[in-house]
Amino acid sequence: MAKLIRSASGFRHLRWLREIIATLEAHLELNDGLNEAQNEALAREIPILRARIEALAAAVKPYRDFLEGEHVRLRAKQRVAGWLVEEAGRETDGTLLPHQDVFGHLPPGGVASLFSAPVISRALQAGNRRTVALAQGAASMLRSLRHQMPVAGELANRLDRAGALLSQISEELATVEEPRRRPLKAAMERAITEAREAISQMEMSLRMHFPPAFIDGVYPELTRGNTVVADEADEDDDATAPPDASR
C-alpha cells in the first residue's frame, strides 16, 4: 500500500497516522486469528506510535493557529494594499487619459502605457516589490506634470501612500512574521520526520511476525497522488478526500 508523501501537511499526516494506529488497535480488538507473538508485537508498537502522534499534534496546532491567525491577517492587509495601488493607478488613468495630448514629452504609448490597470495587474502578479516600484515611478511621473495639471500632485501622493503601505506590510511579512513562522514550521517538520521514522520502524518490526499483505492492510487508502487519505464520507475535511474515480 502506498504511503502518504513526505510533502503532505502536518494536518494530513496526523489523519494518516491516526488511521494507522486505529487499524492496529482494531486488529487487537477484532482479529481472533492473531497468535500470542503477533498480539504482543502490535501491543508494543501502539504506544510508540501514539507518542509520535501526540508529539506531531502538539507541533501542528501552534503552526496552524499562527497561519490561520496572524499570517492570514497580514496577507489580507497586503492584498488590500495591493488593491489600493491598483485603484490609484485606475484613478490616475481615468483622470489623465482624456488629456494625454497635452503632454508632448510622455514616452511612446502615452499615459495609458504607464497607468492602465492591466499594467499594474501584471506587476502584482510579478511580485509586490515590482508593484511598489511601479507606484513610485508613476508618482514621480505625475509630479512632473503637476504644473500642467494640478490634480496630478494629489494623484502622485495617493500612489505614494498606497505604495508605501504595500512596502510596509510586505516588509512586516518578511522581517517580523517570517521569523516567527519559521521555528513553528521547523518544529512541525521535525515531528513529521520522527513520526515517519516511527512508522518505518513499526513496519520493520511487524514484518517479523506478519506477512506483507497484513502490513499493506494497516495503511489507509490514499488519493490525489498520495497526498491525502481517501474518505468519501469526510470529503469536506482538508485531511481527506473521496477516492480516485479510477479505482
Seminar exercise, completed: d(R12 CZ, L17 CG) to nearest 0.5 Å is 14.5 Å
Exercise. Step by step, would you call E177 with H71 a side chain to side chain contact (heavy atoms under 4.5 Å, CB included)?
Worked result: CA-CA 7 Å; E177 194 250 27; H71 181 66; 2.2 Å; yes
For this session: Please assess R18 against I53 for the test side chain to side chain contact (heavy atoms under 4.5 Å, CB included), listing each intermediate value before the final yes or no.
Result: CA-CA 7 Å; R18 285 167 174 157; I53 292 172; 4.0 Å; yes
Exercise. Can you hop from V218 to L28 via hydrophobic side chains spaced under 4.5 Å?
Worked result: yes
For this session: Answer whether the closest heavy-atom distance between the side chains of L165 and I169 falls below 4.5 Å.
Result: yes
Problem set entry | Sub-4.5 Å side-chain heavy-atom contact between L4 and N226 | no
Exercise. Considering all heavy atoms of both residues, which atom of P179 and which atom of A174 are nearest to each other, and what is their separation?
Worked result: CD-O, 3.7 Å
Please table the atom pairs, donor to acceptor, closer than 3.5 Å between any side-chain atom in residues 40-47 and protein atoms at least two apart or in another chain.
none

Exercise. Between CG of D231 and OG1 of T223, what distance do you get to the nearest 0.5 Å?
Worked result: 11.0 Å
Exercise. What pair of heavy atoms forms the shortest contact from P243 to E221, and how long is it?
Worked result: CB-OE2, 4.1 Å
Exercise. Heavy atoms, side chains only, cut-off 4.5 Å: are W83 and E87 in contact?
Worked result: yes
Seminar exercise, completed: R6 meets the side-chain hydrogen bond (donor to acceptor under 3.5 Å, both in side chains) criterion, sequence neighbours left out, with E189, T193
Problem set entry | Over 12 non-hydrogen atoms of neighbours within 6.0 angstrom of CD in E36 | no
Problem set entry | Aromatic F66 / basic R180 pairing, under 6.0 angstrom, 45° off normal | no
Problem set entry | Minimal non-hydrogen separation, A191 against A55, with atom names | CB-O, 4.1 Å
Problem set entry | Pairwise distance CD(E172) to CG(L74) - rounded to 0.5 angstrom | 4.5 Å
Exercise. Can M188 be reached from V72 by stepping across I, L, V, M, F, W or Y side chains whose heavy atoms are under 4.5 Å apart?
Worked result: no
Seminar exercise, completed: Taking every heavy atom of R143 against every heavy atom of A156, the minimum-distance pair comes out as CG-CB, 3.7 Å
Problem set entry | Where D160 and A139 come nearest, the two heavy atoms and their spacing | OD1-CB, 3.5 Å
Exercise. Roughly how far, to the nearest 0.5 Å, is OG of S140 from CG of L159?
Worked result: 11.0 Å
For this session: Please identify each residue that fulfils salt bridge (Lys or Arg N to Asp or Glu O under 4.0 Å) with E54, with sequence neighbours left out.
Result: none
Problem set entry | Criterion side chain to side chain contact (heavy atoms under 4.5 Å, CB included) on L222 and V228, from CA distance to verdict | CA-CA 6 Å; L222 303 176; V228 60; over 6 Å; no
Exercise. So, E154 and R161, do they make that salt bridge, N to O below 4.0 Å?
Worked result: yes
Problem set entry | pair T227-R224: side-chain heavy atoms closer than 4.5 Å | yes
Exercise. Listed by chain and number, what are the side chain to side chain contact (heavy atoms under 4.5 Å, CB included) partners of S170, not counting sequence neighbours?
Worked result: Q78, N128, L166
Exercise. Who are the ring pair (Phe, Tyr, Trp, His ring centres under 6.0 Å) partners of F210, not counting sequence neighbours?
Worked result: F214
Exercise. Among all residues two or more places apart in sequence or in another chain, which pass the salt bridge (Lys or Arg N to Asp or Glu O under 4.0 Å) test with R73?
Worked result: none
Exercise. Within a radius of less than 6.0 Å around NZ of K77, do more than 12 heavy atoms belonging to other residues, nucleotides or ligands occur?
Worked result: no
For this session: Kindly write out the residues that satisfy side-chain hydrogen bond (donor to acceptor under 3.5 Å, both in side chains) with R196, not counting sequence neighbours, or none if the list is empty.
Result: H13
Seminar exercise, completed: Contacts of D65 meeting salt bridge (Lys or Arg N to Asp or Glu O under 4.0 Å) (sequence neighbours excluded), chain-then-number -> K61
Exercise. Taking only residues two or more places apart in sequence, or in another chain, which ones meet R190 in a side-chain hydrogen bond (donor to acceptor under 3.5 Å, both in side chains)?
Worked result: none
Problem set entry | Residues which pass salt bridge (Lys or Arg N to Asp or Glu O under 4.0 Å) with E171, listed by chain and number, not counting sequence neighbours | none
For this session: Could you grab the distance from atom OG of S9 to atom CZ of R15, nearest 0.5 Å is fine?
Result: 12.5 Å
For this session: Just do the side chain to side chain contact (heavy atoms under 4.5 Å, CB included) check on L24 and M202 with the steps written out, would you?
Result: CA-CA 11 Å; L24 300 181; M202 174 203 75; 3.7 Å; yes
Exercise. Would a 4.5 Å heavy-atom cut-off, applied to side chains only, mark T23 and Y219 as touching?
Worked result: no
Problem set entry | Pair E70-R75, salt bridge (charged side-chain N to carboxylate O under 4.0 Å, His left out): steps then yes or no | CA-CA 9 Å; E70 181 177 341; R75 277 171 49 85; over 6 Å; no
Problem set entry | R181 vs L67 side-chain heavy atoms within contact, under 4.5 Å | yes
Problem set entry | Contacts of type side-chain hydrogen bond (donor to acceptor under 3.5 Å, both in side chains), residue R207, not counting sequence neighbours | E203
For this session: Give the minimum heavy-atom separation between I20 and P220, together with the two atoms involved.
Result: CG1-CD, 3.9 Å
Problem set entry | All side chain to side chain contact (heavy atoms under 4.5 Å, CB included) counterparts of D216, not counting sequence neighbours | M1
Exercise. Between H209 and N35, is any pair of side-chain heavy atoms under 4.5 Å apart?
Worked result: no
